[in-house]
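The block underneath contains the structure these notes are about, expressed in structure tokens.
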Amino acid sequence: MLDTGSVPMIGNFVRESLDLHLFFARIMREHAIFMQAGFLAKDVTYVQQAEQFKCQYDEILKEALMLSDCTASEQVLQSEELVTDKTLRAEQKTQELTGIPIDRALTAEEVRLNPDLGTIPAEIEPQVRALNQKSMLITTSFAEFKAMVLDRVTHCCLACNLFPLQFEHVYREALFYLKVLKRLQNNQFVDSRVDLLEQEIFWDEIMGEHAKFVRHLLDPSERALCHKAKELAKSFERLEQKMKGEGLPASSFGRLMHENISATLLIAEFKATGTELILACQVKSKLSPLMTDHTLREANYYLRVLQTWNPGYLGRG
Ligand SMILES: [Fe+2]
Ligand SMILES: [Fe+2]
């Protein structure tokens with residue numbers, strides 16, 4: 001039987017695990033959708049494998065949602081990292097254009113989630129631990145699939161409408177999800193889980209790559225947007241270099257964090273505007289609205305992480 005002293009720790013474990021799945025299982029299912037849409041029709045087995053991963057992450061998301069009502073953190077729900085006001089429309093349009101079915105009921109359910117009321121039942125801890133384990137298995141094989149596809153594409157044995165760097169990018173995101181899951185399963189929470197500097201270096205690179213992908217997927221005639229994307233990519237490259245600098249003094253660390261917050265707010269705004277423009281068919285590009293909304297949610301996730309260490313800086317709840 002559980003003693004009362006262990007309940008807050010179990011609450012943290014449950015909340016952090018479920019918050020993580022609500023964000024990352026959706027991110028992974030979308031990687032599967034982007035891959036499925038990117039393969040050529042003749043590469044049936046690749047299309048089918050991507051479809052299977054999409055369905056497996058639907059299941060993870062479904063289970064996480066079932067366990068999540070009244071466990072999700074208020075900050076997570078307010079951050080718009082799980083769903084934005086564009087996600088449902090982006091899913092509908094992307095399904096229409098690609099013919100790939102996207103379970104929007106899960107999204108609608110995620111919109112309706114209630115925050116943690118301080119009453120997380122300790123009994124769900126084994127179910128959450130099992131869900132973490134299940135997701136680790138699926139994510140390990142999804143990461144292997146992404147690495148295998150990247151290898152085939154870079155050796156010119158497979159054609160796909162995604163850049164090799166996009167495969168590398170989604171592979172790194174899968175490894176990040178796995179790393180946090182492993183730490184949670186070993187009962188390492190918040191502060192020790194992934195240190196902030198490590199997260200900033202990781203997400204700065206991710207944000208910079210999003211800007212590069214957008215720039216290369218925009219029609220060349222969209223000069224103003226291409227220019228903006230190029231500037232954003234450069235600013236994250238500079239930040240990443242500074243963050244990786246040897247022996248960063250504590251004073252620069254705080255200043256750089258504020259620079260990271262400003263740059264991430266800018267790119268989030270760019271992605272939000274871009275998603276609305278694509279949804280309104282007002283921009284020429286090879287981007288899907290789900291892809292830009294996906295990158296917006298990743299920016300919102302990063303902003304929430306930064307905000308955790310700088311309460312009040314963003315003026316969000
Ligand atoms: Fe992603
Ligand atoms: Fe990404």
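Just follow the structure's listing: the first ligand is 1, and inside any ligand the first atom is 1. Computed over heavy atoms, backbone and side chain alike; hydrogens, waters and symmetry mates excluded. One-based numbering along the sequence shown.
Pairs engaging residues 211-229 under the salt bridge (charged side-chain N to carboxylate O under 4.0 Å, His left out) rule: Lys212-Glu237 [sequence neighbours left out].
Neighbours of the Fe ion (ligand 2) restricted to protein N, O or S atoms under 2.8 Å: the count is 4.
A salt bridge is absent between Lys242 and Glu200: the closest approach of a Lys/Arg side-chain nitrogen to an acidic carboxylate oxygen does not fall below 4.0 angstrom. Ion pairing between Glu74 and Arg15 fails under the 4.0 Å rule for side-chain N and carboxylate O.
Judged as a side-chain contact (heavy atoms from CB on, under 4.5 Å), and not counting sequence neighbours, the contacts of Ala90 are Pro289, Leu290, Asp293. Evaluation of the side-chain contact (heavy atoms from CB on, under 4.5 Å) rule for Gln92 yields Glu96, Arg104 as partners, not counting sequence neighbours.
Remark: the Ser135 side chain and the Tyr177 side chain contain an N/O donor-acceptor pair separated by less than 3.5 Å.
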